[in-house]
Number of protein chains: 2
Amino acid sequence: MDVRVSETAPLPKLATVQAAAPADDTHSSDACAVIRSILARTTDKWSILIVKSLGRGPHRFSELRRAIDGISQRMLTLTLRNLERDGLVLRTVTPTTPPRVDYELTTLGESLWTLTEAFGQWALSNRPEIEAARTRFDARLDANT
Amino acid sequence: MDVRVSETAPLPKLATVQAAAPADDTHSSDACAVIRSILARTTDKWSILIVKSLGRGPHRFSELRRAIDGISQRMLTLTLRNLERDGLVLRTVTPTTPPRVDYELTTLGESLWTLTEAFGQWALSNRPEIEAARTRFDARLDANT
DNA sequence: TGGTGCTGGTTACGATCAGGAACCGGAAAG
DNA sequence: CTTTCCGGTTCCTGATCGTAACCAGCACCA
């Protein structure tokens with residue numbers, strides 16, 4: 001039983017970036033456009049980190065802010081709002097004082113989480129190789145300046 | 001030909017670790033910054049689509065441009081350059097006339113491809129649910145305006 | 001009674017960066 | 001000698017991001 005939002009701030013339209021215009025005529029490209037807008041949202045830098053954090057269980061707003069090094073309050077709010085909009089995250093307000101807001105993954109969000117987790121693991125285990133490649137590339141670039 | 005990474009490669013400024021960090025050991029903040037830069041690059045909207053295309057075999061520059069609906073020449077060049085830098089994509093120039101440039105995934109790139117493929121599948125199969133969630137959310141938003 | 005702090009935001013605004021349009025240079029083709 | 005194709009690059013603008021500051025409600029302290 002969740003204490004749904006209902007009484008939060010007026011929730012102005014603020015962002016929720018309207019996805020790409022569907023006004024595209026090319027045959028397969030309309031599906032493509034939607035998929036792309038989903039990917040753009042779910043693979044967004046902050047979204048990934050938030051989903052990753054929430055994968056370890058529900059978190060409060062400020063816990064997330066502390067957990068995700070470098071995120072600004074604004075981007076946290078914005079990204080959470082978008083994730084909530086896409087049904088990936090559930091926002092629960094508990095009207096204590098001070099008010100308490102918990103965020104957790106929905107079932108859909110959890111399925112996304114397994115993917116982002118895999119991505120994280122991949123990044124982690126291939127980090128040395130990628131950094132080496134970067135160094136090589138930059139060196140070659142300097143070489144023929 | 002000083003291409004330089006002017007617009008690319010924000011190689012993170014080593015994480016300004018606020019000391020007295022909360023004992024949230026799950027992120028070691030400097031590793032986190034590097035991982036984040038890798039994720040930011042590899043999960044970038046265009047990177048995903050390029051890797052996805054290259055997953056089906058080597059492609060020439062203009063083939064990619066045609067295959068990826070909506071990408072501009074500039075972003076294609078830029079993104080390919082970044083992927084090449086990270087050792088995910090191999091660029092091969094054949095000096096015929098007109099010159100021919102082929103791009104293909106490296107082994108590392110292929111391992112990334114399996115992940116992006118999974119992401120694509122996920123987006124595809126969860127599209128209805130996500131769109132429904134968006135509609136619900138927007139409706140609720142309108143409701144209490 | 002008023003000040004301070006905690007909560008979860010929101011607003012204003014300047015810096016930055018993604019992205020489209022247009023340009024480039026060489027060779028072949030007409 | 002003009003056009004076309006190829007793979008880029010340069011220029012410029014508008015969207016987006018992050019910083020900093022503000023807000024409302026309530027408890028605590030004096």
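Convention: sequence-line order gives letters A, B, ...; per-chain numbering from 1. Predicted, not measured: the structure shown is a model, and the values here were computed from it.
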Between [Y] and [X], does any NZ, NE, NH1 or NH2 come within less than 4.0 Å of an OD or OE carboxylate oxygen?
X	Y	answer
D44(B)	K45(A)	no
R100(A)	D102(A)	yes
R140(B)	E84(A)	yes

### Summary
Residue pair P98(A)/R100(B) against DNA chain D: nearer the 5' end by closest nucleotide is R100(B)
### Message
Heavy-atom nearest nucleotide on DNA chain D for P99(A) versus G70(A): which residue maps closer to 5'?
### Response
G70(A)
### Task
Quick one: pull up CZ in R56(B) and CH2 in W113(B) and give me the separation to the nearest 0.5 Å.
9.0 Å
Specify the separation, in whole Å, of atom [atom1] of [X] and atom [atom2] of [N].
X	N	atom1	atom2	answer
R74(B)	dT9(D)	CZ	P	11 Å
L76(B)	dA21(C)	CG	C1'	16 Å
R66(A)	dG9(C)	CZ	P	14 Å
E63(B)	dC5(D)	CD	P	16 Å
F61(A)	dC6(C)	CZ	P	16 Å
N82(B)	dA18(C)	CG	C1'	12 Å
M75(A)	dT11(C)	CE	P	15 Å
L64(B)	dG8(D)	CG	P	11 Å

### Message
Base of dG7(D), side chain of Q73(B) - is there a donor-acceptor contact under 3.5 Å?
### Response
yes
Between [X] and [N], is there a side-chain N or O to OP1/OP2 distance below 4.0 Å?
X	N	value
T77(A)	dG9(C)	no
T97(A)	dG25(D)	no
R91(A)	dG9(C)	yes
R81(B)	dT9(D)	yes
R60(B)	dG7(D)	yes
S72(B)	dG19(C)	no
K45(B)	dG19(C)	yes
W46(A)	dC17(D)	no

### Query
What does S62(A) touch in the nucleic acid at a heavy-atom separation under 4.0 angstrom: a base, only the sugar-phosphate, or nothing?
sugar-phosphate
### Task
Please confirm whether the backbone N or O of T42(A) pairs with a side-chain atom of S47(A), one donor and one acceptor, at under 3.5 Å?
no
